[in-house]
Amino acid sequence: MSLMQSTNLPRVRFAPSPTGYFHVGSARTALFNWMFARQQGGSFILRIEDTDTERNREEWVTGIMDALHWLGLDPDEGPYRQSERMDLYKEAVDRLWINGYLYACDCTKDDLAHRIQSKGGGKPGYDGYCRDRGLEPGPGRVLRFKVPLEGSTIVEDLIRGNVEFRHDAIEDFVVVKSTGAPLFILANAVDDMDMGITHVIRGEDLLPSTPKGILLWRALVDSIGTSSATEKRRAPLPVFAHLPMLVNERRQKLSKRKDPVAIEDYRDKGFLAVAMRNYLALLGWSPKEGPEKADMNELVRQFRLEDVNHSPAFFDVKKLAHLNGEYIRGMSTEEFVAEYGTFRRRRGGADKGSGFDEGVFRRVAPLVQERVEILSEVEGMVAFLFSEQPPMDAASFEKAIQNNPNAKEILQAAKNGYAECPWHAIDIREVTVGIAEMVGLKLAKAQAPIRVAVTGSTVGLPLFESLEVLGRERTIARIQAALEKLA
RNA sequence: GGCCCCAUCGUCUAGAGGCCGAGGACACCACCCUCUCAAGGUGGAGACACGGGUUCGAAUCCCGUUGGGGCUGCCA
């Protein structure tokens, strides 16, 4: 066994159950599997756990593939679909049955509830009623695993150490539904063995089911018997590593209903894949050397499963956003323009006749880059460039123009001054500085009415560069419009 | 209820007995820079849950308490 492990490269699998969106927790699990595989030179395998027919939808699988691709975590193998491997599970079940590891059970939920109640409460879980009834398998009957009455199973976890589970606390769990369909716990073990999985890296929520998986694994190995598949006979148990959960501000497992968990939503809000990946790597782990913002090669180099934390981590969008901003600022203008372009197209905003012009955008892009954290903030910042009149913020207009005693004089002077000066930011600035002196205000104060008249808001990109890009005509027209509105 | 996991600043973490009068990052506050807003720079506030041990010495090891979380489906 040690020989097998030392000569074979690690094989890890990411085994999501399709749900229609890609959960950030799943993304983190996929990432840690991927990082481990990359670092060890092993294989990262994608397996779709869709034994439950409710979860068997092709577009959901596509969604998983797309999300993984976006994150740069393309699998080396797969996707394998459990729904296409039913024969394998049937065969395994037959072997387990023949070797006496299973028994049929026709108890209903009500039966069990009544028995437990008449016994005066007690522990939940199946009570083993059918264990020795000798029922044959058939419609309406599930197949349960005979958990040993005594002893215990120890889960050797790379992150948590040894965790012991007493057998008397493990119920005889169902392995095959009454419809004949296998349950995930069974398919999981069969597949891990069949695929030669060496390391099972997954969420901590799966830890309690792990002893069941181990029991099943051993029974499976034993059931192969003397007939064939000698290479599988000694199939070594994979190494387990249970990752800490991702939680919300209330310290609870991230839930679909209450928390923003869909990776696709983050993507559509303008979070970059590199930032998301980097941030996810920091949840439950961190590089010992160097900054937290690091490229994947560096993170992979330093990654150690043994160093993963034990405690749950809060998914902090603020920190994600900050990291995202750092990545945005770190891009070249060309990269940023391209990135924003694909973002707009994905959003379907490219066609709206919004007047968006990439050439114009490119000119202000460096200024924008420094001021946004996520791509969705860009639009509001540059909107004034792509419409006839700026989207006017009422509060800004009131404050900087309506209720500003100097506004009329400043706007008037600007209208005149801008009509004649050379149209470059520095020249426009110079004229504006002159206006400030004239009215006896600091430039900061004096520029406000102009900014609002032209861009529609008191806050925004540097004004003079904005005016240069906007153009003389439109600038003056807007100032004129503001003057008229003021009158 | 039962079983299991976890416990360092508000948050993510560094820390594997003395290097810790606990370091970094996000957020927060102040100042500097500045045409607004940012970015950037400087500084600040801010944590070893509690109680027992072990030890010359504990954030680091052990036990307990408390607190939080997960699982407890013919879902995964």
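Everything numeric in this text was worked out from a predicted model, so none of it was measured. Letters A, B, ... are given to chains in the order of the sequence lines, protein chains preceding strands, and every chain is numbered from 1.
- Nearest nucleotide to the A:Arg451 side chain, out of B:C75, B:C35, B:C74: B:C35.
- Partner assigned to B:A14 is none, using Watson-Crick or G-U wobble distances below 3.5 angstrom.
- When each of A:Lys253 and A:Thr108 is assigned the nucleotide of RNA chain B with its nearest heavy atom, A:Lys253 is the one assigned upstream, toward the 5' end.
- Counting heavy atoms from C-beta outward, A:Asn188 and A:Arg13 have side chains that approach closer than 4.5 Å.
- Using the Watson-Crick or G-U wobble rule with both distances under 3.5 Å, B:U34 pairs with nothing in any strand shown.
- Here CZ of A:Arg28 is found 11.0 Å from NE2 of A:His23. Values are rounded to the nearest 0.5 Å.
- B:A59 sits 12 Å from B:A7 when the C1' atoms are compared, rounded to a whole Å.
- Around atom CD of A:Glu465, more than 12 heavy atoms belonging to other residues, nucleotides or ligands sit under 6.0 Å away.
- Checking B:C3, B:A76, B:C35 against every side-chain atom of A:Ala169, the shortest atom distance belongs to B:C3.
- Going from atom CE of A:Met381 over to atom P of B:A39 covers 11 Å, rounded to whole Å.
- If you take atom P in B:U8 and the same atom in B:U60, they sit 12 Å apart, rounded to whole Å.
- Here A:Thr51 reaches the OP1 or OP2 of B:A76: one of its side-chain N or O atoms lies under 4.0 Å away.
- Atom name C1', nucleotides B:C28 and B:A45: the rounded distance is 9 Å, in whole Å.
- When each of B:C74, B:U36, B:A76 is scored by its nearest atom to the side-chain atoms of A:Ser178, the top-ranked nucleotide is B:C74.
- Base pairing analysis places B:A27 opposite nothing; no Watson-Crick or G-U wobble pair with both distances below 3.5 Å involves it.
- A:Ala444 comes within 4.0 angstrom of the backbone, heavy atoms only, and of no base.
- Taking a pair to require two hydrogen-bonding distances under 3.5 Å in either a Watson-Crick or a G-U wobble arrangement, B:U60 remains unpaired.
- A:Gln252 has a side-chain polar atom (N or O) that falls below the 4.0 Å cut-off from OP1 or OP2 of B:G69.
- Comparing the same atom, C1', in B:C26 and in B:G70 gives a spacing of 27 Å after rounding to whole Å.
- Ring pair A:Phe303/A:Phe32 is perpendicular by interplanar angle, where above 60° counts as perpendicular and below 30° as parallel.
- Across all strands, A:Ile450 comes closer than 4.0 Å to no nucleic acid atom at all (heavy-atom distances).
- A distance of 14.5 Å separates OG1 of A:Thr51 from CZ of A:Arg81, quoted to the nearest 0.5 Å.
- Comparing the C1' positions of B:A25 and B:G21 gives a spacing of 23 Å, expressed to the nearest Å.
- Applying the Watson-Crick and G-U wobble criteria (two distances, each under 3.5 Å), B:G1 pairs with B:U72.
- What separates CG of A:Asp127 from C1' of B:U72 is a distance of 15 Å, to the nearest Å.
- Using the six-membered ring where Trp is involved, A:Tyr279 and A:Phe315 have ring planes that are perpendicular, over 60° apart on the 30 and 60° scheme.
- Contact annotation: the side chain of A:Leu299 never approaches that of A:Arg277 to less than 4.5 Å [non-hydrogen atoms, C-beta and beyond].
- Closest to the side chain of A:Arg329, from the set B:A39, B:U36, B:G73, is B:A39.
- A:Gln82 comes within contact range of no nucleotide atom at all, as no heavy-atom separation falls under 4.0 Å.
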(message) Each nucleotide in nucleotides 4-17 of chain B should get exactly one letter: B, S or -. Can you fill that in based on protein heavy atoms under 4.0 Å?
(response) SSSS---SBSSS--
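- Using the six-membered ring where Trp is involved, A:Phe361 and A:Phe336 have ring planes that are tilted, between 30° and 60° apart.
- Not a single donor-acceptor contact under 3.5 angstrom links the side-chain atoms of A:Arg429 to the base of B:C35.
- Checking B:A39 for Watson-Crick or G-U wobble geometry (two distances, each under 3.5 Å) identifies no partner in any strand.
- Within the 4.0 angstrom heavy-atom criterion, no nucleotide atom of any strand lies near A:Ile170.
- Across B:A16 and B:C61, the matching P atoms stand 11 Å from one another, rounded to whole Å.
- One interatomic measurement links the two molecules: NE2 of A:His242 to C1' of B:G69, which rounds to 15 Å at whole-angstrom precision.
- With a cut-off of 3.5 Å on both Watson-Crick or G-U wobble distances, the partner of B:U66 is given as B:A7.
- B:G1 and B:G18: their C1' atoms are spaced 45 Å apart (whole Å).
- A:Ile401 contributes atom CD1, which lies 10.0 Å from atom CD1 of A:Ile410 (distance to the nearest 0.5 angstrom).
- For the 3.5 Å distance criterion, the side chains of A:Thr432 and A:Gln447 fail to qualify, holding no donor opposite an acceptor.
- Atoms CD (A:Gln447) and P (B:U36) sit 6 Å apart, rounded to a whole Å.
- Between the P atom of B:U36 and the CG atom of A:Asn404 lies a distance of 16 Å, rounded to the nearest Å.
- Rounded to whole Å, atom P of B:G2 lies 14 Å from atom CG of A:Asp168.
- Nucleotide B:G46 forms no Watson-Crick or G-U wobble pair with any nucleotide shown, as no partner meets the under 3.5 Å limit on both distances.
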